[in-house]
Amino acid sequence: MFRTAVLAALIALPAMASAQDAQVDTPPQRIRSVTLTGDQKCPKSSGGEIVVCSTLDQPYRIPKSLRDDKPVAAQNQSWVNRAATMDQVGRVAGGLPDTCSAVGTGGQSGCFMQRNQAYAAERRASATESNPQP
C-alpha cells in the first residue's frame, strides 16, 4: 500500500512541476502596494496581480523631520531637571569629586569624564548628520 502511494507521487511529480512552469511564463498584470496598520491582514492577490504588504509601526507619531529637537527652555522644564541642575552646580562650586573644578581636593578627577562625554556627544551629532533618519 505504501509503495503504491510513493510510486504514484513520483509519477505525478514531473506533471505538477510542468504545470507550475506554465504559470511563471506570464508576467503579473498589476503590482499593488498596501500599507497595513494595527491588526489588519494582507489582502489576497488575484490572478494577474501581486500584493506587497508593509506595516506602519507607529501611525500617530510625529515624523522625525517635523519634531522639535531644540533644548527645552528653563521655565518649561520639570522640577526634576531643575533640581538636578542645581545639584550639579552645587557639586562644582564645592569642588566635589568628578566635577572638573579647581576648587577642592577631588575636582580634577571629573575633567577627563567631561572630555569623554563631550567627545561622545560630538560623535553622536556627526553620526546623526551623516545618517539622517527618515
Side-chain angles (χ1 to χ4, degrees):
M1 180 73 170
F2 180 69
R3 289 182 192 171
T4 311
V6 171
L7 185 60
L10 289 175
I11 293 172
L13 187 63
M16 289 189 298
S18 64
Q20 288 177 352
D21 290 340
Q23 278 185 332
V24 176
D25 292 339
T26 59
Q29 298 287 331
R30 183 175 112 168
I31 298 175
R32 184 171 58 155
S33 178
V34 179
T35 303
L36 305 174
T37 58
D39 295 333
Q40 292 179 338
K41 293 188 179 184
C42 190
K44 298 195 179 201
S45 61
S46 61
E49 170 182 63
I50 294 176
V51 178
V52 179
C53 295
S54 63
T55 58
L56 190 59
D57 293 333
Q58 299 174 344
Y60 303 110
R61 187 171 174 104
I62 297 172
K64 285 192 177 188
S65 59
L66 299 177
R67 292 184 205 161
D68 188 17
D69 292 337
K70 298 173 189 158
V72 179
Q75 68 266 19
N76 296 334
Q77 287 188 4
S78 70
W79 281 101
V80 173
N81 290 345
R82 292 181 191 184
T85 302
M86 292 301 291
D87 182 44
Q88 184 61 27
V89 168
R91 288 177 57 84
V92 172
L96 294 176
D98 301 334
T99 58
C100 191
S101 172
V103 178
T105 57
Q108 71 278 4
S109 62
C111 293
F112 181 72
M113 288 176 45
Q114 284 185 359
R115 281 190 226 121
N116 280 346
Q117 289 170 354
Y119 176 71
E122 288 175 12
R123 289 195 57 190
R124 279 193 301 271
S126 66
T128 56
E129 288 174 3
S130 63
N131 296 329
Q133 297 294 327

Please check: side-chain N/O of Gln40 versus main-chain N/O of Thr37, any donor-acceptor pairing under 3.5 Å? yes
Scan residues 49-84 for pairs that pass disulfide (SG to SG under 2.5 Å), counting only residues two or more places apart or in two chains. Cys42-Cys53
Provide the full list of disulfide (SG to SG under 2.5 Å) pairs with a residue in residues 63-94, sequence neighbours left out, each pair given once. none
From Ser46 OG over to Gln29 CD, what is the distance, rounded to the nearest 0.5 angstrom? 9.5 Å
Separation between CZ of Phe112 and CD of Gln117, rounded to the nearest 0.5 Å: 11.0 Å
Output all residues satisfying side-chain contact (heavy atoms from CB on, under 4.5 Å) with Gln88, sequence neighbours left out; order by chain, then residue number. Arg91, Val92
With sequence neighbours excluded, give me every side chain to side chain donor-acceptor pair (under 3.5 Å) pair touching residues 70-79. none
According to the salt bridge (Lys or Arg N to Asp or Glu O under 4.0 Å) rule, which pairs have a member within residues 33-47, sequence neighbours left out? none
Which ILVMFWY residues are connected to Val52, directly or by a chain of links, through side-chain heavy atoms under 4.5 Å apart? Ile31, Ile50
